[in-house]
Number of protein chains: 2
Amino acid sequence: MGEASIPDATAARLPRYLQALRRAGQAGAVTLSSDQLARASGTSAAKVRKDLSCLGSHGTRGVGYPVAALAAELARVLGLDEGRPVVLVGAGNLGRALAAYGGFERGGFRVAAVIDADERIVGRTIAGHRVRSAEELPAVLTGTAATMAVITVPDTAAQSVADTLVAAGVTAILSFATIYLDVPEHVRVRRVDLATELQLLSFYEQADEDVPAAAG
Amino acid sequence: MGEASIPDATAARLPRYLQALRRAGQAGAVTLSSDQLARASGTSAAKVRKDLSCLGSHGTRGVGYPVAALAAELARVLGLDEGRPVVLVGAGNLGRALAAYGGFERGGFRVAAVIDADERIVGRTIAGHRVRSAEELPAVLTGTAATMAVITVPDTAAQSVADTLVAAGVTAILSFATIYLDVPEHVRVRRVDLATELQLLSFYEQADEDVPAAAG
DNA sequence: GTATGTGAAACGCTTCACAGCA
DNA sequence: TGCTGTGAAGCGTTTCACATAC
């Protein structure tokens, strides 16, 4: 059949394959070999083949993978067939930047609403959306049928926002707060944290200095 | 001894431990058990103990880990002893938001310079830094001795910026571009991508819908 | 000839279970 | 009694190598 059950490590790479395929398609490519796809998505050819074999056999031996068909298949598996509604909570610097960044639309999503607790911001228009107040959050979620949310509020408010979101039926949260959110088991949270990423890079820099003979 | 060689999976969790410890310390905690630390950093007690054992024995049986001493040790291992200089390339919406976000300082870093190619932005002051032109990049890197950089420029410019950074001695890059950067082996790149994160969340939502019997 | 699809081996990470120490 | 530190077992991921198909 198709995707019986996809390993976590594979799932985490599917969005990157989709991105690489779309870019290659826009550049005019009709087929891509596992090696080319690996290069464009920063993995290895063996991983690409193993990963894509989870979705069924879409490649042609001696030729490669059909760019358009595989991109469509990946979009389907990822649940991106139609612009999925996402609610953005927090219209501060970061929230506004993300809304303007275009990452939502580029990724196949639709900003269904923008929410902020600060009354000075409520009513403004950001990325074509009138910012709505925190009190409206439950009603907005019901109205838009959104089950995905992005949180860019300060740490102190993040847990309370998450609780409200979960109570209103949200099951997937992308959080830019630095704290670890406590949510029910059926809710998926992914965290993005600038400081953590930089610190990890810092660690590897230091480690490489200590052992400079690695690439003898 | 100390950290003979730290596994990748462990290294990736060290920043989270540090964050949790600093927060607990500010809240007045003196010691933390592996279970408490696990809860605060979103992992498991077994992982915490295994991870921290890589750094040597810093815990006390029957008591837990000393918050202040362990935080200091982690900061040392991560190379955060003094505010490490980081160069921010790209002063658009996202770059400005990150600079204002406070993630650099909170993480133990210092913004050494802000760079942008847009002449309309050059000369403005962002987070206390006068934005400098792209031509100044090599000189700025030499002058600040920065080896870490954050890239928030458009995809089309990202590879060229990365090349310049690498040529000027940068060995760690945090990129918000969606493309995969091609860099020499000794350079570490970490990518943060809103669309990828959302797509992965979307996949798990869809998967959970298809198999709703998972949690009996 | 060229590139996919896939079993099998190798590797690393996580979990378990408990000895050891305060 | 409570919690750390750690060998060993269990599990998932990556890599390898090659049969298979175009």
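In what follows, chains are A, B, ... by sequence order, proteins preceding strands, each numbered from 1.
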For atom NE2 of His58(B) and atom P of dA22(C), their distance in whole Å:
16 Å
Value for CG (Asp116(B)) from CG (Leu88(B)), rounded to nearest 0.5 Å, stands at 9.0 Å
Send over the distance from Leu32(A) CG to dA3(C) P, rounded to a whole Å.
12 Å
Between P of dA3(C) and CZ of Arg49(A), the distance in whole Å:
11 Å
Quickly, which of Arg23(B), Arg16(B), Gln19(B) forms a side-chain hydrogen bond (donor to acceptor under 3.5 Å, both in side chains) with Thr178(A)? Name it, please.
Arg23(B)
Nearest listed nucleotide, side chain of Ser33(B), among dC3(D), dG5(D), dT15(D):
dC3(D)
Give a yes-or-no answer on whether the side chains of Arg13(A) and Thr43(A) include a donor-acceptor pair shorter than 3.5 Å.
no
Categorize Ser44(A) for me: base, sugar-phosphate, or nothing, with a 4.0 angstrom heavy-atom threshold over every strand shown.
sugar-phosphate
Rounded to the Å, how far apart are Lys47(A) NZ and dT14(D) P?
5 Å
Test for a donor-acceptor pair under 3.5 Å between the base of dT2(C) and the side chain of Arg61(A), counting only N and O atoms.
no
For atom CD1 of Ile6(A) and atom P of dG12(D), their distance in whole Å
16 Å
Looking only at heavy atoms, the pair that brings Pro15(B) and Leu200(A) closest together is CG-N, 4.0 Å
When you get a sec, tell me which of dC13(C), dT13(D), dT4(C) is the closest nucleotide to the side chain of Ala9(A)?
dT13(D)
Figure out the CG/P separation between Asp51(A) and dG12(D), and round it to whole Å.
16 Å
Please tell me which of the listed nucleotides, dT14(D), dT6(D), dT15(C), lies nearest to the side chain of Ser53(B)?
dT6(D)
Just how far, in rounded Å, is C1' of dC3(D) from CG of Leu52(B)?
13 Å
Of the candidates dG5(C), dT13(D), dT4(D), the side chain of Tyr65(A) sits closest to dG5(C)
Identify, between Val63(A) and Ala46(B), the residue whose nearest nucleotide on DNA chain D lies closer to the 5' end.
Ala46(B)
I'd like to know if Lys50(A) reaches the base of dT13(D) with its side chain, counting only an N/O donor and acceptor under 3.5 Å.
no
With heavy atoms under 4.0 Å as the rule, sort Asp35(A) into base, sugar-phosphate or nothing.
nothing
Residue mapping more 5' on DNA chain D - nearest nucleotide basis, Arg13(A) or Thr60(A):
Arg13(A)
Rounded to whole angstrom units, what separation is found between the CG atom of Leu55(B) and the P atom of dT4(D)?
15 Å
Could you tell me if Asp51(A) and Thr10(A) have a donor-acceptor pair between their side chains, going purely by distance under 3.5 Å?
yes
